[in-house]
Amino acid sequence: MTFFAPFTIPFIIGGAIMAAVLLAKYTLWAVRLPREDKRLIRRNILSFKSLAALWEVVRESLLHVRIFRVNPVLGYMHSSLALGWLLLIAVGWIETVAYLGLRWVPLQGHVFFKYFMPVNGITQHKAGFELAMDLLLAVVLSGVALAWIKRMRSRIMGLRRTTKHVLFDRIALSALWFVFPLRYLAESVTCAIYGGGSFLTGSTGSLLASHLDAETLAAVYEPLWWCYSIALGIFFSTMPFSRYMHIFTEIPLIFLRRYRLAPGIEPKSYDHFEVEACSRCGICIDPCQLQSVLGIDEVQSVYFLRDRRYNMLQLSVANNCLMCGRCQTKCPVGINLNTLRLNSRSRMRNIPNEGRFNYLSGIDRSSGEGRTGYFAGCMTMLTPRTLSAMDTIFRAAGDDIWHADRDGGVCCGRPLMLSGETTAARKMIEYNTDLFRRHGITRLVTSCPICLRVFREEYALDGIEVMHHSEYIRMMIAEGRLQMRRTDMRYTYHDPCELGRGCGIYDQPREVIAAVGELVEPAHNRRDALCCGASLANTVIDDSQQMRIAREMTGELEATGAGTIVTSCPLCYKTIKRAAGTETKDISEVVAENIFQP
Amino acid sequence: MSGLRFGYGINRPRAIDIDSNDLRKSNEILREMPELQTCIGCGSCTASCTAGNLTEFNFRRVHTLVRRGEYRSAYEEMNKCMLCGKCRLVCPRGINTRGVAMLIKRKLGDF
Amino acid sequence: MRRSSWQDYQKEIADDKYYYARSCIRQNFFPGSEKAFLDIIRNDLGRDVKDDPLHTSCTGIGYHADVVPFETIMTVVARQFALMGEAGYENFISSCITSFGIYTEILNTWEEFPETEERTREYLYKATGRELVKPRTLAHTSDIVFHFRDSIAGKMRRPLINVYTGRPLRVVEHIGCHYAKIFPKSGIGGSEFPYVLAGMIESWGGEVVDYPERRHCCGFGFRNYLVQANRGYSIANSQKKLESMAPYRPDFIVANCPGCAMFLDKWQYAIAEMEGTIYGADGHGIPVLTYEEMAGLVLGYDPWQLGMQMHQVDVEPLLDKMGVEYDPAAKYLGQDGKYIGKPERTVVNDGCQGSIYDMKR
Amino acid sequence: MKPKVVIAGGGAAGMAVALRLERLGVEPVIVEREERLGGKVRGWHKLFPTFTPAAEVLDPLVAQIGRRGIECRTGAAVEALSEHGVKLASGQTIEADAVVVATGFTLFDARRKEEYGYGIYDNVVTSADLERMMNEGAVRLADGSTPRRIALLHCVGSRDEKVCQRHCSKVCCITGVKQAIELKKMFPEADVFNFYMDIRMFGAGYEELYREAQQSYNIHFVRGRISEASPMINGRIQIKAEDTLTGRPLRMSIDMLVLLAGMRANDDNAALAASAGLALAPNGFMQSADPFLGAVRSPRRGIFYAGAVTAPKSLADTLAEASLTADAVMDYLNSVQR
């Protein structure tokens, strides 16, 4: 038995193309990884991390646990296709082995086993195999059916919007849609002619045999197998160029991520694994406030990754993002969407310029003496109530403060970084790091989450404890250096994106507020909190669009019925003040007003 | 030319000559960001400017000159901006000032 | 252009019996012009004009350069007026625009602040023993020529017509700033659209060219020229005017101010040497005439008698266009027929000055 | 017998006062210098800030005057007045129980700002000329072509010490914005520049229109006063100004210069004031008895003011004030009868 028939050629070609392209891509990406990343792989590959990665592959690439959590139907759709197909292949292989023993069979022999061996002589468990294969096919077909429904009525899957695709996607998608119905038909006709099959192919086969004559069945038999093979061939050959690249790419990604590889603010080879692991499921579209409030629907992460992958990324798309991180928390593949967007901006806009910001040299406008440094942040200069509240708090806590920017400081560099001017941002970072070091502080408090984030992520401030003022206040309360007077005020709290999703600080401000009064939560909070819309990361939307986002967000805050809206970011504070009718305060004000002095 | 030395040159006119200025870039910038035309020249942006606190950088002046087709050194000047965003918070016309800074650099720089 | 607004600005101009105050600098730059004025007024028009050797500089340049105090210049001016009174005249005419501005300013000051007049009268008497007599009329000499423009037109021998084309010559007129910009009512036609030179040009057959920088200063500006560090600013102003008028292809420029005529003429040389720019046709500059030279040519005076060989920009192309008969060989021969020397070839007169003179000699 | 009130001036103010008085049981008589009622508004095309055709406001007023049979003496100028009536230039007198002065303003003669070349260069027009051109159906340059670059200059004859007009004419800013939009609508390819010193958008909807002009019509606003206008060889006009926001001189060539001529005190004010013993404000407009409580009363009992005779006013302000005037007249008539 040679296991060859002419109709298998499309499948063989398609499979070969897929294998070659995949191999080429992964090899190229791996070879181009920076030395640092390669070191990480060498160090970790033989550790339990690989095992953990393997388990994650099973959970995420096959079972799609995270998608199940977002929406069970959507999860079933993904896992029925992924797991069902894998099991079809696996059981098919076992079936082959069960019949032929452990001998070499070409790939097409496994795939088209039913064709080559329509009446196989498996003696034991034959009915079981037939049943298993039919069951798995039915599961996969149900997945395909759900995919069709999703295309037409996405809301059933909890998605308000579904992804718009490129040409390769459409070809691959169409081929995929046909693969399993064609297999079903081909196998059913085979059953009709030769018998066999179970509840699905078998009964369809009997039905066909009773309605059609043998000649007709014989006439459609070969063409159906051809079509099945062609559909597979088309799918495989377009797959590496389409969204379905994610099927395989997610696997190396999971391993690499377990080895601690991550994207940075400069693009690098590892990014390919993240970018091509995007299945364009579209889950990131709905959380995006640009979409839900403003109806902007071509800039979301899924489109960003798509455009980046096909080298058609426009600056207007890259720049049109609040970088609030809401989509990132929902991404089932766990792609670092914000970092990738940042390094895209950097690639498009960063122009190294040695002379830039030379005017910073020799400037030192700091004042005061103390081991604790206070970096208010540029925006905080426009919220003087926060400044005076912090003064009160520092005084009450008995802390001596060195003020980094009381008389106007140098920006932390995050805004430049957010707009892609990475090299320029480095100058700010160098300047401020040097300033902090020169004044020998051991603790750095900032009132601006934007600054906080860059201090933590990009500054090398070993030996300096970097904290947000909400953390500082909570610490002072815990240490007993600040005593709060409880009131019967009702507060609600807005999580700033950079503080919450950005730095993971959710509890500290809440604990501080709870020390003063009652805290009521808005509909979206913590990891789900809405962005205020004024994000520095977005330089495309205009003032009125910012305000529409802000009003939507403050609407939720006001719906809590709280008397005061509290936040802990000067930018959010300014925005909420503009958009909301309710009294708005920075957390420091709330604290400063309610310090208990015995 | 005999290249005689007179001990003085001919001063260049200070006038902004709209006729000889090429307004193409300026028009492109205004087309992308029409709200820049709504500037009433109040100077809040310049007054609040973090970079302007440390240098002679004057955002209002630079973008006004650019609108008049005076591009010389606008890119270099705009590069003094730290994009910190204070100006956008104070602008009474709600102009996307950071977007303006980036747009001017994009149109007048080399990228 | 509808140029009727000049009629709103009229002033009294005496018809006869003038006391003539000369300019300090004109005899150097346009030495034939004041002589031509006297000849025209006396011989062609038969009027009485007193050319008094006793009068002095009005010290206006010193005044505008901040080295002569106001009290001093008022006293100097009072002495000129006293001399006029002593000579029995009451119509004061000035050859210089700066002086004219000074006289106007001081007469107005005396009117607004009579105590300054009293003080000046006292100073004058203490210093010279002379008695101040205020003139009945004050005019610039260009006002006088304007006044007689029709009489001159009646005796005209060569109108301002291009003899090759039969079309009027295109003339750019430039009025000194101090003629009417300080006191608009002191000039014919006011400050914005002065008519004093335009009237002559139109009466004598020419066409006035209006151009964007017509009202702009020539750039002299006293301290702007006198201090070398500021001179680049001075020349920039003339350049701005020349750049602005050049597209109109004027046949010549006529000015009524000593400094303006000089700067518009001489800066053409400097600009050509510095930047190689020439504003006239065929490598020539644009000839710059005084209004007396213009009147003299119209009345048939010999160009070399009018002193036109002393111009920086050669006038021959203009003379040819007007059909003036002249002896090229006599250009650099003085009154006694002796060769007075000729200037070096320059960028602005390249292809003209050397060739014509050398060839025809 | 009905009391009789003479209203000097048949513009918007005079007509509105007459209509109100007639309704209150008074016999008003309008004396109008021109042959037709309507005053300055008659020459206007559309009104700011709504672009309402001027006729839509004026025609109903004129029609009502006719319908109610209010007596109008047109073609008759008031030469002198007192609380007992007016004397016409023809020598005729009209006796009355009270007199309302609604003689309006005089349009500033832009020729007085000679440096702008109005009346000297073609294509230098005033805002009133522009309205007339629009009423006649077409705005064209003198040679019949369409302008590619237009400048509107604010404050011509307003806020100008040099022409003894210290006051702000109040309506020119918004007129400039309105006309700029109209010009831009007519000539979408043209660049329209407003040269201003301050933009004073005091009325309802004015600021919004200003913003619209900037954002939707891309009308340029240059903060600086044009210092002079000169002709160029290609027939255009060169203007010079300081771009005060950049602190540098600016020059440019334009095809059309629109001078936003201001409102000056009516030329007749001095004579009328002298004849009745009234007072003039320093800017030449009629001085009211009191700026707050007696804005429509003259210092002399029996003589009242309406409209722009006391200060520059918009049409909306004028019409609103007319009722105040009628009210004040009624108070006076009642007190006299008692």
Side-chain angles (χ1 to χ4, degrees), chain A residues 315-316 319-320 345 348-351 353 355-360 362-363 365 377-383 405 407-421 424-425 427-428 431 448 450-451 534-547 570-571 573-575 578, chain B residues 28-40 44-59 62-63 73-111:
Chain A
L315 204 52
S316 56
N319 279 346
N320 200 354
R345 288 182 184 179
M348 296 167 95
R349 295 204 65 247
N350 193 35
I351 300 175
N353 176 348
R356 200 168 166 197
F357 298 119
N358 275 353
Y359 65 79
L360 294 179
I363 290 177
R365 296 196 167 192
C378 300
M379 301 278 188
T380 315
M381 294 297 152
L382 296 173
T383 60
D405 57 354
D407 189 29
V410 170
C411 174
C412 64
R414 175 104 177 132
L416 282 163
M417 206 168 268
L418 284 173
S419 48
E421 302 189 33
K427 300 231 171 177
M428 313 271 120
Y431 170 86
C448 178
I450 303 165
C451 305
S535 168
L536 284 182
N538 192 313
T539 46
V540 177
I541 60 171
D542 67 23
D543 192 58
S544 64
Q545 291 172 310
Q546 286 191 341
M547 284 320 287
L571 188 51
Y573 170 82
K574 281 265 177 199
T575 314
R578 261 180 91 185
Chain B
E28 278 174 26
I29 287 167
L30 290 174
R31 208 172 305 126
E32 278 199 37
M33 210 160 267
E35 68 201 69
L36 184 54
Q37 279 287 53
T38 69
C39 174
I40 48 175
S44 303
C45 48
T46 307
S48 67
C49 180
T50 301
N53 195 20
L54 306 170
T55 68
E56 295 284 294
F57 172 59
N58 182 330
F59 178 72
V62 174
H63 82 63
S73 78
Y75 175 74
E76 288 72 21
E77 277 298 302
M78 258 331 168
N79 254 345
K80 292 180 179 164
C81 165
M82 302 181 184
L83 286 174
C84 74
K86 270 171 90 178
C87 47
R88 189 171 185 182
L89 275 183
V90 297
C91 177
R93 291 294 210 184
I95 296 170
N96 178 358
T97 50
R98 297 177 72 242
V100 169
M102 288 165 67
L103 179 62
I104 286 176
K105 288 204 290 178
R106 178 152 61 82
K107 289 288 181 188
L108 303 180
D110 42 7
F111 60 98

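To find a chain, count down the sequence lines: A is the first, B the second, and so on, and within it residues start at 1. Values below: every heavy atom of this structure, side chains too, minus hydrogens, waters and symmetry copies.
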Looking only at A:Glu421, A:Lys427, A:Arg414, the option with the highest number of non-hydrogen pairs under 4.5 Å against chain B is A:Glu421
For B:Met82 and A:Leu360, the nearest pair of non-hydrogen atoms, with its separation, is CE-CD2, 3.9 Å
Side chain proximity check, A:Ile351 to B:Lys105, heavy atoms < 4.5 angstrom
no
Correct closest heavy-atom pair for B:Leu54 and A:Tyr359 would be CB-CE1, 4.1 Å
If we ignore hydrogens and angles and just use 3.5 Å, is the side chain of A:Asp542 paired with the main-chain N or O of B:Asn96 as donor and acceptor?
no
Cut-off 4.5 Å, heavy atoms of chain B, and the answer for A:Asp407 is backbone
Of B:Lys80, B:Arg93, B:Met33, the largest count of non-hydrogen pairs under 4.5 angstrom with chain A goes to B:Lys80
Most heavy-atom pairs under 4.5 Å with chain B, out of A:Ile450, A:Ile541, A:Asn538, belong to A:Ile541
So, the part of B:Ala101 with a heavy atom under 4.5 Å from chain A: the answer is neither
Looking only at B:Cys91, B:Cys81, B:Gly85, B:Cys84, most heavy-atom pairs under 4.5 Å shared with chain A are made by B:Cys84
### Task
With side-chain contact (heavy atoms from CB on, under 4.5 Å) as the test, would you mind laying out the steps for B:Asn53 and A:Met381 before giving the verdict?
CA-CA 12 Å; B:Asn53 195 20; A:Met381 294 297 152; over 6 Å; no
dist A:Leu315:CG -> B:Leu103:CG (nearest 0.5 Å) comes out at 10.0 Å
What one should report as the nearest heavy-atom pair of B:Thr50 and A:Cys411 is CG2-N, 4.3 Å
Under 4.5 Å to a heavy atom of chain B? For A:Met428 that would be side chain
Scanning both residues in full, the closest heavy-atom pair of A:Asp543 with B:Arg88 reads N-NH2, 3.7 Å
Output for pair (A:Leu536 CG, B:Arg98 CZ), nearest 0.5 Å, gives 4.5 Å
